[in-house]
2 protein chains.
Amino acid sequence: MRRHYITIKDIARELAISVSTVSRALRDAYDVNPKTREKVLAKAMELNYKPNFNAIGLVQSQSHHIGVLMPAITNYYFSTVFTGIEQVANANGYNLIVFITNDSAEREQAILQDLSLSSLDGLLVSVSSQADSYAHFEELIRNGIPVVFFDRVADAVLTSKVMQDDYHGAYEATQHLIDQGYRRIAHLAGPAGLTFTQKRRKGYEDALTDSGLPVRSDWVIHSGFSQECGFEDVARLWTLAEKPDALFAVNDRKAIGAMLALKERKVQIGKEVGVIGFTNDPMSQIISPTLTTVAEPAFEIGKLSCELLLKHMTRKKVEAQEVILPAKLIIRESTRR
Amino acid sequence: MRRHYITIKDIARELAISVSTVSRALRDAYDVNPKTREKVLAKAMELNYKPNFNAIGLVQSQSHHIGVLMPAITNYYFSTVFTGIEQVANANGYNLIVFITNDSAEREQAILQDLSLSSLDGLLVSVSSQADSYAHFEELIRNGIPVVFFDRVADAVLTSKVMQDDYHGAYEATQHLIDQGYRRIAHLAGPAGLTFTQKRRKGYEDALTDSGLPVRSDWVIHSGFSQECGFEDVARLWTLAEKPDALFAVNDRKAIGAMLALKERKVQIGKEVGVIGFTNDPMSQIISPTLTTVAEPAFEIGKLSCELLLKHMTRKKVEAQEVILPAKLIIRESTRR
DNA sequence: TAAAGTAGCGAGAACGTTACCGAAAACCAC
DNA sequence: GTGGTTTTCGGTAACGTTCTCGCTACTTTA
């Protein structure tokens with residue numbers, strides 16, 4: 001079970017110098033003769049020395065690990081955010097430890113419960129949609145482990161957050177539908193508890209109100225994020241006496257589910273019923289008609305979250321900030337009459 | 001920078017017992033009075049004690065971390081495999097450290113070069129398509145860190161591998177096209193260096209040969225995995241004097257790129273030209289006509305890879321095995337005449 | 001030439017935990 | 001009671017590294 005690798009002791013012994021000197025030579029050049037430094041480096045290379053991060057972490061009480069806690073990774077948005085995170089983390093010499101909650105609050109709690117404080121220097125989080133308590137995050141922060149939220153943020157926790165402009169994105173999307181002449185606009189919303197669900201709903205409602213259109217609660221359906229949810233939401237809407245003539249979905253997967261339901265009902269998408277999504281998932285360009293959507297800067301959000309976290313980790317005191325990146329309306333066929 | 005947390009010393013002091021006893025009480029019950037064990041556990045709970053994994057890792061020379069090295073995570077296949085890995089790793093108390101190579105051989109080398117032997121107990125790998133040297137993997141294994149390959153395996157390295165049945169999947173796909181009456185079947189292949197590219201090509205060629213059809217090298221195009229590659233491959237094929245009447249793509253993204261190119265040329269997919277992919281990416285059900293494909297058991301591959309790795313990690317000597325999971329043909333509209 | 005400064009290095013403790021071994025205490029059988 | 005087990009516990013070294021301090025030897029300054 002136990003393995004033995006090359007350590008600085010081995011280098012010290014072979015070079016007949018002390019471990020202290022080897023340690024210094026390998027890190028910074030101060031207090032060490034350039035010549036001995038050369039020798040140490042050469043010997044380290046020769047023996048293929050690799051530092052033991054457990055030992056370093058122990059003595060410095062840090063791990064060089066950043067945790068990433070997300071509901072899932074099997075979708076365009078999260079996997080793209082993650083790629084952004086990875087790029088920054090890697091460039092700064094940090095490793096990423098990934099935790100997937102499957103959108104379950106219990107799982108999220110369990111992960112945070114098990115989480116040893118010593119194993120992480122910082123944590124990036126997108127909360128599960130059922131999460132009800134954020135005490136664990138606050139405890140983490142209290143213990144000196146910075147937490148940065150992205151996308152699905154916990155409003156109550158005082159720390160930095162990175163997200164897209166959900167409100168204005170939703171407003172623009174709804175406005176676009178209105179501009180295209182749609183008047184009976186329904187909203188396929190996300191789980192009610194999430195902040196961004198609320199923001200997108202607010203943007204939708206304000207756009208309607210600003211154009212003098214009524215906000216009808218029976219045209220707003222809260223459900224999950226999956227394609228199936230979108231499909232079922234349409235089924236429910238189509239039982240109503242007065243059916244909508246446009247759908248604004250909280251994300252592309254739901255919009256696509258809705259489109260499939262509409263196709264099944266032989267409804268002409270765009271012409272009869274406009275559909276608009278949110279995310280700019282590659283699927284939105286594949287489906288036909290192509291889906292109008294609000295593009296989220298997923299990669300940028302990942303990069304920025306990680307950069308912010310690094311700031312919190314390295315600097316003494318960085319005050320919490322909320323970064324809101326612009327979302328961009330992309331007009332395609334599904335809202336073209 | 002330095003943080004101090006609750007340690008077993010604190011527990012020992014408060015209970016006026018030794019650290020050895022606390023340590024034993026916290027782990028297994030042997031050699032410790034059930035009563036004192038109770039007290040220790042209660043006190044640990046009270047103080048919210050969390051073990052320091054750096055210290056444990058140092059003394060046991062292990063990290064409880066498993067590395068996952070992949071070309072990307074922003075696609076259906078890899079993110080699903082990863083989810084399978086995550087499930088098994090988590091259930092066994094291991095954390096996952098993710099490395100993304102972006103399909104670059106240099107990046108892969110750099111990651112492996114930096115990789116401290118002490119920071120990983122095992123490694124799961126899907127090699128980059130440009131990888132030319134597998135020396136690093138062999139060194140890892142020599143140093144007692146088990147490596148298991150999945151999907152994109154390194155044939156030369158003697159260790160366990162998990163993959164789908166590329167050969168038979170490709171054979172079946174091609175056979176299906178033949179059965180449907182297509183006769184001039186082209187293959188949009190992957191990067192030539194990868195093992196599974198070769199296997200799928202072989203399956204394609206054998207199916208043709210077995211049906212007495214000629215294998216035409218100008219109908220086999222090797223390029224990348226992206227949608228754009230599929231698009232461009234069709235552009236090239238359509239400059240030929242004799243055009244194919246069916247396309248077998250190495251994956252769904254390429255198949256979809258090809259379909260878009262065909263649509264642009266007003267070619268009726270299915271009726272005029274059959275298209276078949278590989279993966280069963282959700283996109284294949286979204287595009288119209290829906291795409292016939294060969295489903296890969298991505299989640300299962302992830303689970304199995306991790307389970308195999310755990311076996312290698314815990315048991316003294318487990319001999320390397322190659323696991324090949326069945327791939328399943330899923331017939332949809334794109335091959336229906 | 002003596003005092004003062006500086007560059008380079010080493011000794012030893014510390015980080016939090018486990019592993020090993022020995023000792024004390026409790027129990028048991030006769 | 002006595003001797004021998006068994007149970008329970010504590011002391012100490014070790015894991016690989018950094019960090020602090022102090023020492024030596026050389027260089028500079030007056």
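Every chain is numbered from 1 and lettered A, B, ... according to where its sequence line falls, protein lines coming before strand lines.
- For A:Phe53 and D:dC15, the CZ to C1' distance is 17 Å, given to the nearest whole Å.
- Applying the 4.0 Å criterion to OP1 and OP2 of D:dT17, one finds that A:Ser23 has every side-chain N and O outside that range.
- The CG atom of B:Asn52 sits 13 Å away from the C1' atom of D:dC15 (whole-angstrom rounding).
- The 12-atom threshold is not exceeded at CG of B:Leu158, counting heavy atoms of other residues, nucleotides or ligands nearer than 6.0 Å.
- Around the NZ atom of A:Lys39, the shell of radius 6.0 Å holds no more than 12 heavy atoms that belong to other residues, nucleotides or ligands.
- For B:Asp31 and C:dA25, the CG to P distance is 17 Å, given to the nearest whole Å.
- Nearest-nucleotide mapping onto DNA chain C: of A:Val19 and B:Tyr49, the residue sitting toward the 5' end is A:Val19.
- The aromatic rings of B:Phe149 and B:Phe137 sit perpendicular, their planes meeting at an angle over 60°, well past the 30° parallel limit.
- When the nucleotides D:dT12, D:dG16, C:dT17 are ranked by their closest atom to the side chain of B:Thr7, C:dT17 comes out on top.
- D:dT18 atom P lies 13 Å from atom CG of B:Asn54, rounded to whole Å.
- Residue order along DNA chain D, read from the 5' end via each residue's closest nucleotide, puts B:Asn33 first among B:Asn33 and B:Ala55.
- Taking the six-membered ring for Trp and the full ring otherwise, the centers of B:Phe196 and B:Phe225 sit less than 6.0 Å from each other.
- Taking only side-chain nitrogens and oxygens, A:Gln60 comes nearer than 4.0 Å to OP1 or OP2 of D:dC19.
- Side-chain atoms of A:Ser160 and A:His312 form a donor-acceptor pair, as typed in the model, at a separation below 3.5 Å.
- Rounded to an integer number of Å, the gap from CD1 of B:Ile17 to P of C:dT17 is 14 Å.
- Rounded to a whole Å, the NE2 atom of B:His64 is 14 Å from the C1' atom of C:dT18.
- Rounded to whole Å, the distance from CZ on A:Arg24 to C1' on C:dA11 is 11 Å.
- Centroid-to-centroid, the aromatic rings of B:Tyr5 and B:Tyr49 stay 6.0 Å apart or farther.
- Out of C:dC15, D:dG11, C:dT18, the shortest distance to the side chain of B:Ser18 is found at D:dG11.
- Per the geometry, CG belonging to A:Leu26 stands 12 Å off C1' belonging to D:dG16, to the nearest Å.
- One donor-acceptor pair, N or O on each side, does fall under 3.5 Å between the base of C:dA11 and the side chain of A:Ser20.
- Across all strands shown, A:Ile8 has heavy atoms under 4.0 Å from base atoms, whether or not it also approaches the sugar-phosphate.
- Residues forming a salt bridge (Lys or Arg N to Asp or Glu O under 4.0 Å) with A:Glu14 (at least two apart in sequence, or on another chain): A:Lys43.
- Residue B:Arg27 places at least one side-chain N or O closer than 4.0 Å to OP1 or OP2 of C:dA19.
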Q: Go ahead and write out DNA chain D as dot-bracket, 5' to 3': ( ) for pairs within the strand, [ ] for ones crossing earlier pairs, | when the partner sits on another strand, dots for unpaired; Watson-Crick or G-U wobble, both distances under 3.5 Å.
A: ||||||||||||||||||||||||||||||
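- OP1 or OP2 of C:dG10 lies within a sub-4.0 Å distance of a side-chain N or O belonging to A:Thr21.
- Nearest heavy atoms, B:Arg152 versus B:Ser129: NH1-N, 3.6 Å.
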